[in-house]
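Quick note on labels: first sequence line is chain A, next is B, and so on, each numbered from 1.
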Amino acid sequence: MRTILTSVITENIKEMCVKANHYLSEDMRSVLYQARKEEKTSLGRQILDQLEENLQIAGEDMIPICQDTGMAVVFMEIGQDVHFEGILLEDAINEGVRLGYKDGYLRKSVVRDPLIRENTKDNTPAVIHYEIVPGDKVKITVVPKGFGSENMSRVFMLKPADGIDGVKAAVLTAVTDAGPNACPPMVVGVGVGGTFEKCAWMAKKALTRPVDQRSGIPYVKEMEEELLDKINKTGIGPGGLGGSVTAFAVNIETYPTHIAGLPVAVNICCHVNRHVARTL
Amino acid sequence: MDKYVKAPLCDEAVKGLRAGDYVYITGTIYTARDAAHKRMDESLKKGEDLPISLHGNIIYYMGPSPAREGRIIGSAGPTTASRMDKYTAGFLDNGLKGMIGKGRRSREVVESIKKNNAVYFAAVGGAGALLSRSIISSKIIAYDDLGTEAVRELQVVNFPVIVVIDPEGNDLYEIAVKNFKENI
Ligand code: SF4
């Protein structure tokens, strides 16, 4: 049994919220650089230049990459030999978000009630997903999720007979419907299988996988590559203003499912695909 | 084509804009997003005065991140325009000339843009750090209680946007995808 103080969790989450909103991960930076070289339209290249310059300014001036600094989604992978000491874990996580968004000059975009819509003014609560894993470590992944792209995400409850073609069609429908609204070039997270909520969870988690890392399952890898190619032929392009780079990657996760179903979730993320992970 | 326009907009300048033009805006513009639109729409319906004059003006659909000490504004890029579609025709009928946002607009908005000789610009979504550099002053002038959603008066210099829907109703999002498919 290893003891971890919840105050340490708070401190880390605070730092990760700030970091995620000012710097993108290396894989996102290099895929953007690559896209700039490959984009076929001049307006598209101009937009990608702006995005590169924007990233540079964000890091140098400590100004968020995007004004929508997101709702904080936090994945907690907790080793089952870990014992937490201090305040309630959930409170510790939310305290980290509160401090990060306040001290980091991040936008507060969360409303307490979805219909009454009063801003909580500190961007809490976070959306927290817990997983119990083997070992005595805790892996924290902070994903500030913007809603321009979140709003364009979809869940499709397909029939088993729809098969792989149905899955591909669902992904393409979600992406073309999203179009310019989701701030392309996008990263497309897909969950296939499980239940209604499990596929949505997988789609979100898929967005945290590096964009240059393909699925380990051969047919899934093939589907990822084929879909990326098809998406980049839609012509939506950077900013939706036309071009050959509409998405940077399609990341698909799968899970066993019921004999009667084929759930598919498509979680769209913009080019500001933010995620920071730390293992304690 | 690169063009330079002054805000507020005059009818002549708007008339010459075409979908696909790269435009640099200099002058005074106002921010308003979901919550501010809802309030202004309610005021219009009750016949009350609005906190800003719409006449000839540009509304930027934007809610910035907080400014650090000594800075003018935080990150300041566009939000998705379609959430404002419900209110837009009413605003255009009351004199609004331009909008800056990102993403598609409804048929009703396109028709109203044509009818009122107005224009919809897109700024690059997710480039809020870069765009903030074209803003030289920012002042909250209404609905302070809405936080990031308050109405701000911004002074901008060569603020970069692209004409998406022009006064003839041409839509760059549709044209660009079509051109891409035909030419590449
Ligand atoms: S979709 Fe992404 S890039 Fe676009 S405004 Fe939202 S957070 Fe920013």
statement: Closest non-hydrogen atoms of A:Met62 and B:Arg68, given as atom of the first, atom of the second and distance, are O-NE, 2.8 Å

- prompt: chain B heavy atoms under 4.5 Å from A:Gln46: which part of the residue, side chain, backbone, both or neither?
  reply: side chain

field: A:Thr234 OG1 to B:Phe180 CZ distance, which is reported to the nearest 0.5 Å
entry: 7.5 Å

task: Let me know if A:Thr176 has heavy atoms under 4.5 Å from chain B in its side chain, its backbone, both or neither.
output: backbone

message: Can you confirm whether more than 12 heavy atoms, excluding those of A:Arg36, are under 6.0 Å from its CZ atom?
response: yes

task: Below 4.5 Å from any heavy atom of chain A, which atoms of B:Glu174 appear? Answer side chain, backbone, both or neither.
output: neither

field: Among the listed options B:Ser75, B:Ser132, B:Gly63, B:Pro64, the residue most often paired with chain A at heavy-atom distances under 4.5 Å
entry: B:Ser75

- prompt: Does A:Asp61 come within less than 4.0 Å of B:Arg71, counting only side-chain N to carboxylate O?
  reply: no

- line: Most contact-rich option vs chain A, by heavy-atom pairs under 4.5 angstrom, among B:Asp145, B:Leu146, B:Val177, is B:Val177

statement: Interface check, chain B: of A:Ile65, A:Asn151, A:Val272, most non-hydrogen pairs under 4.5 Å belong to A:Ile65

task: Could you tell me whether the side chain of A:Tyr105 reaches within less than 4.5 Å of the side chain of B:Ser65, counting heavy atoms only?
output: no

- prompt: Taking atom NZ of B:Lys3 as the centre, does the number of heavy atoms from other residues, nucleotides or ligands within less than 6.0 Å exceed 12?
  reply: yes

- prompt: Which value, rounded to the nearest 0.5 Å, describes the distance between A:Leu43 atom CG and B:Leu172 atom CG?
  reply: 7.0 Å

- request: State, to 0.1 Å, how close B:Lys102 and A:Gly148 come at their nearest heavy-atom pair, and which atoms those are.
  value: NZ-CA, 3.7 Å

task: Side chain from CB out, backbone as N, CA, C, O: work out which of these in B:Ala81 comes under 4.5 Å of a heavy atom of chain A, or both, or neither.
output: neither

- prompt: Taking it one step at a time, do A:Leu241 and B:Val164 satisfy side-chain contact (heavy atoms from CB on, under 4.5 Å)?
  reply: CA-CA 9 Å; A:Leu241 300 165; B:Val164 170; 4.3 Å; yes

- request: Apply side-chain contact (heavy atoms from CB on, under 4.5 Å) to B:Thr80 and A:Phe147, showing your working.
  value: CA-CA 9 Å; B:Thr80 311; A:Phe147 260 57; over 6 Å; no

field: Top contributor to chain B interface from A:Asn119, A:Leu55, A:Asp177 [non-hydrogen pairs under 4.5 Å]
entry: A:Asp177

- prompt: Run the side-chain contact (heavy atoms from CB on, under 4.5 Å) check on A:Lys108 and B:Thr148 step by step: do they pass?
  reply: CA-CA 8 Å; A:Lys108 287 77 181 170; B:Thr148 185; over 6 Å; no

message: Atom NZ of residue position A:Lys19 - does it have more than 12 heavy atoms of other residues, nucleotides or ligands inside 6.0 Å?
response: no

message: Rounded to the nearest 0.5 Å, what separates atom CD in B:Glu149 from atom CZ in A:Arg117?
response: 8.5 Å

task: Report, by ascending residue number, the residues of residues 109-130 of chain B in heavy-atom contact with chain A at a distance under 4.5 Å; give 'none' if the set is empty.
output: B:Val124, B:Gly125, B:Gly126, B:Ala127, B:Gly128, B:Ala129, B:Leu130

Proximity breakdown for A:Leu51 and chain B, heavy-atom pairs closer than 4.5 Å: side chain

query: More than 12 heavy atoms of other residues, nucleotides or ligands under 6.0 Å from CG of B:Asn183: is that the case?
result: yes

- prompt: Which pair of heavy atoms, one from B:Ala76 and one from A:Gln67, lies closest together, and at what distance?
  reply: C-OE1, 3.8 Å

message: Take a 6.0 Å sphere around OH of B:Tyr22 and say whether it holds more than 12 heavy atoms from other residues, nucleotides or ligands.
response: yes

field: Pairwise side-chain contact, B:Ile162 with A:Ile47, heavy-atom cut-off 4.5 Å (strictly under)
entry: yes

task: Kindly check if the number of other-residue, nucleotide or ligand heavy atoms within 6.0 Å of CD (B:Glu182) is above 12?
output: yes

field: chain B interface, residue from A:Cys270, A:Ala182, A:Ser244 that has the most non-hydrogen pairs under 4.5 Å
entry: A:Ser244

task: Please state whether the side chain, the backbone, both or neither of A:Ser109 comes within less than 4.5 Å of a heavy atom of chain B.
output: neither

